[in-house]
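Below is one structure, written out as structure tokens, with a few remarks after it.
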Amino acid sequence: MELADRAVGLILTLTSLSIFTYYTFWVIILPLDVSNHFVHKYFLPQEYAILIPVYAAVALICFLSVFIGYVMLKSKKKKA
């Protein structure tokens, strides 16, 4: 089981590192480059650099709110 946990940890680490690198390059480095450079075809428009994290944060807050509400309701039923 320890090997499986390490593999999952490695996959999550590599995924988050690649997303961080892509996003950093997209938001910080790319605006400094010439707008007709071939690298620009590998990235979404700049508006999405704000929209994607905002939507992800809203979805996370909604999920956490529903989860906390569910746990609170479930714990009330156990007490009663």
Which residues pass the ring-ring contact (aromatic ring centres under 6.0 Å, His included) test with F25, sequence neighbours left out? F43
Once you round to the nearest 0.5 Å, how far does NE2 of H37 lie from CG of L30? 9.5 Å
Please output the side-chain donor-acceptor pairs of residues 58-71 that fall under 3.5 Å, not counting sequence neighbours, one pair per line with the distance.
residue, atom, partner, partner atom, Å
S65, OG, I61, O, 2.8
Y70, OH, K74, NZ, 3.4

Membership question, hydrophobic clusters at under 4.5 Å side-chain separation (ILVMFWY): are Y48 and Y42 in the same one? yes
Taking T21's backbone N and O only, do any of them form a donor-acceptor pair with T24's side chain (distance below 3.5 Å, no angle check)? no
Could you check whether atom OH of Y22 has more than 12 heavy atoms from other residues, nucleotides or ligands sitting under 6.0 Å from it? yes
Are F20 and I11 in one and the same hydrophobic cluster, where Ile, Leu, Val, Met, Phe, Trp and Tyr link if side-chain heavy atoms are under 4.5 Å apart? no
Output for pair (Q46 CD, H40 NE2), nearest 0.5 Å, gives 8.5 Å
Between atom CD1 of I19 and atom CG of L14, what is the distance when rounded to the nearest 0.5 Å? 11.0 Å
Membership question, hydrophobic clusters at under 4.5 Å side-chain separation (ILVMFWY): are F38 and I29 in the same one? yes
Between W26 and L44, is there a side-chain heavy-atom distance shorter than 4.5 Å? yes
